[in-house]
Amino acid sequence: MTQLHLDLKKLTHNFTTVKGRLKATTKIMAVVKADAYGLGAIALSKHLISLGTDWLAVAYAQEGVTLRKAGIDCPIVVFYPQFERIDSIINNNLEPALFSTAFIEAFATALKQKKRMNYPVHLKCNTGLNRIGLSASEVDDFLTKKNDYPFRLKSVYSHLGASEDPRPNTFTQKQITSFLAIKKKVEKTFTNPPLFHLLNTSGVFNYPEFQMDLVRIGIGLYGFANRAEWDQLLQPIANLSSRVVQIHLVQKGESVGYNQGWIAQKESRIGVLPLGHADGISRQFGKGVGGVWINGKRAPIVGNVCMDMLMVDLTEIDCEPLDPAMLFDHLHTAHEFAEQAGTISYELLTSLSPRIQRVINS
Ligand SMILES: *Cc1c(COP(=O)(O)O)cnc(C)c1O
């Protein structure tokens, strides 16, 4: 009943739009972590490969293994490799981002034990986000010892923490300056330097002059870019729809849902939709926050969202059981839906449960 429709034509549009803003030589890494932002990594990755993405990127090794098992054999970067997954990274030819000196040593040791040489790796630098990454001095240490490692350094990168914020932005400027200093040093130590990259989706729109050799695009592929004027250039690829499974007539003073989350102020018609907080529609919705679209009208979500269902007020809407209900689509976007509950499209999309059927439209 509840379905997430994915439009591959729109994915193509977004990929082409981003590519169109880049130099012809800039490569693209399509970020399909967290099951392609909750939309379904296997199908979308295959399409992205057909569009010519140079890399895929996942967060954790298991996600890369899932793609390998599905027969995907393009280069896959693991952004946040875990020590306990090193064997599985190597056995599946995944390319880790080396983010700490401890991880560099552990990964080198594992490769030596397996008698592997020239293993493709990436260097992740911390330039101010203070999440994961090597400090400038740890990069120096790496460069001093680089010939002792069984690595082939394919790229060096950092991640901006506020790429969507209006320019000029001193925080971002500082990050860029730090990264350019690292870049210079790395270039000096290699006769054949690796690729350098810094930008995510909003970075491509806001700081195109720093696209360097490669950009890492996640949310933009799925149709959002963290600012209204950029969003307009993209097309949300996912529509979430459901159906009204039952309609109740409730009298003035009667309540709806757990803990009497909503009390009818007048005789009302209440519709039940088969999706709830276990499906990613959090309890931040409900009690007047958020609404769904039924027969062209907005039906507010009333009461507390349940685990498997939610209720909407249909009093002002002409509708019958089994009529379709749209939670978000290209007109009423996931970004707008998320915003009503104080969150962002990233969190809403990645929370959509696997039990919502994914339907691919090509
Ligand atoms: C998730 C992620 C991206 C993609 O960011 P978007 O804003 O979705 O384009 C890029 N780089 C890194 C390191 C990430 O973790």
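In each ligand, atom 1 is the first atom listed, and ligand 1 is the first ligand listed. Any value given below was found using the heavy atoms of this structure, including those in side chains, with hydrogens, waters and symmetry copies removed.
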Checklist entry - Cut-off 3.5 Å, side chains only: do Asn169 and Tyr207 have a donor facing an acceptor? => result no
Checklist entry - Are any side-chain N or O atoms of Ser351 and backbone N or O atoms of Glu347, one a donor and one an acceptor, separated by less than 3.5 Å? => result yes
Next on the checklist: With nothing but distance in play, are any N or O atoms of Lys124 less than 3.5 Å from an N or O of ligand 1?
Outcome noted: no
Checklist entry - Is any N or O atom of Tyr157, backbone or side chain, closer than 3.5 Å to an N or O atom of ligand 1? => result no
Next on the checklist: As an exercise, identify every atom of ligand 1 less than 4.0 angstrom from a heavy atom of Ile219.
Outcome noted: 6 (P), 7 (O), 8 (O), 9 (O)
Checklist entry - Is ligand 1 less than 4.0 angstrom away from at least one heavy atom of Arg131? => result yes
Next on the checklist: Under a 3.5 Å threshold, yes or no: a donor from one side chain and an acceptor from the other, between Asn239 and Ser241?
Outcome noted: no
Item to check | Modelled atom types, side-chain donor and acceptor of Gln235 and His330, under 3.5 Å | outcome: no
Item to check | Identity of the nearest option to atom 12 (C) of ligand 1, non-hydrogen atoms only, from Tyr222, Phe79, Tyr346 | outcome: Phe79
Checklist entry - Hey, does Asn200 come in under 3.5 Å of ligand 1, counting only N/O atoms on both sides? => result yes
Checklist entry - Looking at ligand 1, does any of its N/O atoms fall within less than 3.5 Å of an N/O of Ile217? => result no
Item to check | Thr189 side chain to Val186 backbone, donor-acceptor under 3.5 Å | outcome: yes
Would you be so kind as to tabulate the donor-acceptor pairs closer than 3.5 Å made by side chains of residues 105-117, with sequence neighbours excluded?
residue, atom, partner, partner atom, Å
Glu105, OE2, Lys145, NZ, 3.2
Glu105, OE2, Tyr149, OH, 2.7
Thr109, OG1, Glu105, O, 2.8
Lys114, NZ, Asp87, OD1, 3.4
Lys114, NZ, Asn91, OD1, 3.4

With a 3.5 Å cut-off and sequence neighbours excluded, list the donor-acceptor pairs that the side chains of residues 58-75 form with protein atoms.
residue, atom, partner, partner atom, Å
Glu63, OE1, Ala59, N, 2.8
Glu63, OE1, Tyr60, N, 3.0
Glu63, OE2, Ala34, N, 2.7
Thr66, OG1, Gln62, O, 3.0
Arg68, NE, Asn92, O, 2.7
Arg68, NH1, Ile72, O, 2.8
Arg68, NH1, Cys74, O, 2.9
Arg68, NH2, Cys74, O, 3.2
Arg68, NH2, Asn93, O, 3.0

Checklist entry - Is the shortest N/O to N/O distance between Gly218 and ligand 1 below 3.5 Å? => result yes
Checklist entry - What are the atoms of ligand 1, with element, lying closer than 4.0 Å to any heavy atom of Lys33? => result 1 (C), 2 (C), 3 (C), 14 (C), 15 (O)
Checklist outcome for this item: Of all protein heavy atoms, the one nearest atom 11 (N) of ligand 1 is Arg216 NE, 2.8 Å
Next on the checklist: At less than 4.0 angstrom from any non-hydrogen atom of Tyr37, what atoms of ligand 1 do you find?
Outcome noted: 1 (C), 4 (C), 5 (O), 6 (P), 8 (O)
Checklist outcome for this item: shortest atom 15 (O) of ligand 1-to-protein heavy-atom contact is with Tyr80 OH, 2.5 Å
Checklist entry - Backbone, side chain, both or neither: what part of Phe224 comes under 4.0 angstrom of ligand 1, heavy atoms only? => result neither
Next on the checklist: Less than 3.5 Å apart, any donor N or O on the side chain of Asn200 or Ser163 sitting next to an acceptor on the other?
Outcome noted: yes
Checklist entry - Side chains of His159 and Arg216: donor-acceptor distance under 3.5 Å anywhere? => result yes
Item to check | For atom 9 (O) of ligand 1, the protein heavy atom that lies nearest, with its residue and separation | outcome: Thr201 OG1, 2.5 Å
